[in-house]
Amino acid sequence: MTHQPPANPKVPQMSEPTAFIATCDLAAIVRGRAVPASRLTSTLTSGVGWVPADLALTCFGNIAPDNMFGSVGDLRLVPDATAFATLAETEGRPATVLYVADQTQLDGSPWGGCPRTALKDAIAALEDATGLTAHASFEHEFMVGTMTGAPPFSFERARGAEPFGSALVAAVEGAGLEPESWLPEYGEGQFEVPIAPTCALLAADRAVLLREVIRDVARGHGHRATFTPLARPDGVGNGVHIHISLYDASGAPVLYDPQRPGKLSQIGARFAAGVLAHADALVAITAPSPVSFLRLAPHRWSAGGAFLAERNREALLRICPTIRIGGRDEAAQLHLEYRAADATANPWLALAALLRAGLAGLSGDEEARVWPETATEAELAEVPALPGDLASALDALARDEVAQSWFGTELIHTFQLVKRAELEAVGDLDPAGVCRRIAEVY
Ligand code: GLU
Ligand code: MG
């Protein structure tokens with residue numbers, strides 16, 4: 001694993017006619033504006049215009065009423081010149097470059113509502129308080145509705161997905177997102193693209209970009225990819241598992257200690273204790289849709305309870321396996337996987353919340369209990385349940401003053417407003433109807 005963000009391999013020459021400058025908002029929708037290639041250089045410096053009330057947009061496209069912005073105010077979307085993906089030309093659609101951007105004030109100073117800035121602040125807070133640097137990777141599952149029928153994990157499914165599959169791997173690799181593999185998953189028409197870990201901000205940027213690259217390549221091949229947490233109540237979930245590792249100032253990994261339970265160091269157990277202590281508020285941010293909580297139930301291999309366990313796919317926090325083949329270094333591999341996220345969550349916000357919760361744990365002396373791989377279901381019956389629905393998770397967030405303090409007022413206030421508005425919008429639907437409605441968006 002590298003400790004510096006790798007240089008993005010493709011600096012665009014802008015033979016593409018436009019670049020799209022985007023934020024990923026509280027509903028995890030990528031929104032922004034396109035500029036002609038001729039204006040890219042000046043746009044990289046001073047951005048494009050943006051509107052504060054856009055932060056109150058729900059996933060259904062309306063601005064949540066009674067937001068704190070109203071019709072006034074102006075912001076800039078200032079792209080990060082190193083954070084982009086080039087999307088190839090496909091039939092009838094020219095190539096373009098998608099940049100991720102910070103939402104700033106007109107003088108370029110940070111704006112309290114910007115989710116990407118919230119992650120930058122969380123990274124800095126962790127580093128200032130502990131000297132530790134976080135690396136992460138977001139592992140995405142998604143479904144392609146036209147590819148049902150072939151068995152889970154099968155070569156038949158992989159071949160049936162051609163030429164889309166190979167084009168997707170090429171596009172993800174070409175965009176510098178470092179795909180590790182491409183696999184037919186367990187659910188009907190379900191696939192997964194794990195990408196390599198990298199420093200926290202870049203990892204979250206890549207999650208934002210990866211979703212759009214997958215959607216775009218699917219569209220180009222006449223398919224629609226959905227990342228919805230659950231396409232139907234009795235279906236298989238689409239998770240986003242967030243892998244986190246920590247390094248000290250010398251670049252040495254700090255989560256591994258072979259003498260301790262699960263080989264997880266004291267630093268790791270404290271970080272995990274913070275995540276578990278704030279779990280109920282965290283899931284409001286990492287699994288923030290009305291169907292997310294249908295996925296977060298026991299026996300779905302999503303997250304069946306708020307616990308830390310060795311190699312258990314039902315745990316909220318899983319200690320991932322280390323490979324010893326060929327004498328590989330276990331210390332460099334051991335890391336934590338947070339399993340209760342999905343693609344209705346903004347990657348910057350989800351990772352910011354996890355790092356802040358972990359930092360709260362590092363600031364205390366509680367250590368999370370490591371449930372061994374051999375723990376039985378009867379033994380695990382004592383672990384705390386996660387909130388049963390989005391309303392309960394939002395209530396937990398509203399009660400958790402520490403969690404609220406991790407974000408600017410504009411952001412955390414508007415987040416709760418948007419999520420309550422989304423809940424209200426599907427209030428009359430039965431679970432199958434809510435699943436359909438959310439799948440239309442994601
Ligand atoms: N599909 C499961 C989820 O919803 C994850 C299965 C796996 O471990 O990859 O999170
Ligand atoms: Mg998976």
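All ligand and atom numbering here is 1-based and tracks the order in the structure.
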Assign the ring pair F142 / F164 to parallel, tilted or perpendicular, where the plane angle (0 to 90°) is split at 30° and 60°. perpendicular
Would you say ligand 1 has an N or O under 3.5 Å from any N or O of R339? yes
If the cut-off is 4.0 Å to any non-hydrogen atom of W301, which atoms of ligand 1 fall inside it? 2 (C), 3 (C), 5 (C), 6 (C), 10 (O)
Hey, is NE2 on H413 packed in by over 12 heavy atoms from elsewhere, all under 6.0 Å? no
For the Mg ion (ligand 2), protein N, O or S atoms at a distance below 2.8 Å amount to 3
Any N/O of H241 closer than 3.5 Å to an N/O of ligand 1? yes
Interfacing atoms of ligand 1 (cut-off 4.0 Å, heavy-atom, E185): 7 (C), 9 (O)
Would you please test L429 and R437 for side-chain contact (heavy atoms from CB on, under 4.5 Å) and show each step? CA-CA 9 Å; L429 301 177; R437 189 73 188 93; 4.0 Å; yes
Is a side-chain donor or acceptor of R157 paired with a backbone partner of E185 at a separation under 3.5 angstrom? yes
For atom CZ of R219, is the number of surrounding heavy atoms from other residues, nucleotides or ligands below 6.0 Å larger than 12? yes
State the atoms of ligand 1, each with its element, that fall below the 4.0 Å cut-off from a heavy-atom position in G237. 1 (N), 4 (O)
Would you say E141 has any N or O atom under 3.5 Å from an N or O of ligand 1, going by distance alone? yes
Please find out if less than 6.0 Å separates the ring center of H241 from that of Y338. no
Answer yes or no: is there a donor N or O on one side and an acceptor on the other, between the side chain of T414 and the main chain of A56, under 3.5 Å? no
Would you call E337-R339 a salt bridge at under 4.0 Å N-O? yes
Counting both backbone and side chain atoms, is some N or O of R295 under 3.5 Å from an N or O of ligand 1? yes
Atoms of ligand 1 close to R313 [distance to a heavy atom under 4.0 angstrom, numbered from 1]: 8 (O)
I'd like to know if the side chain of E314 reaches the main chain of W301, judged simply by a donor and an acceptor atom lying under 3.5 Å from each other, with no hydrogens or angles considered. yes
Check step by step if side chain to side chain donor-acceptor pair (under 3.5 Å) holds for T146 and H223. CA-CA 7 Å; T146 37; H223 304 299; 2.8 Å; yes
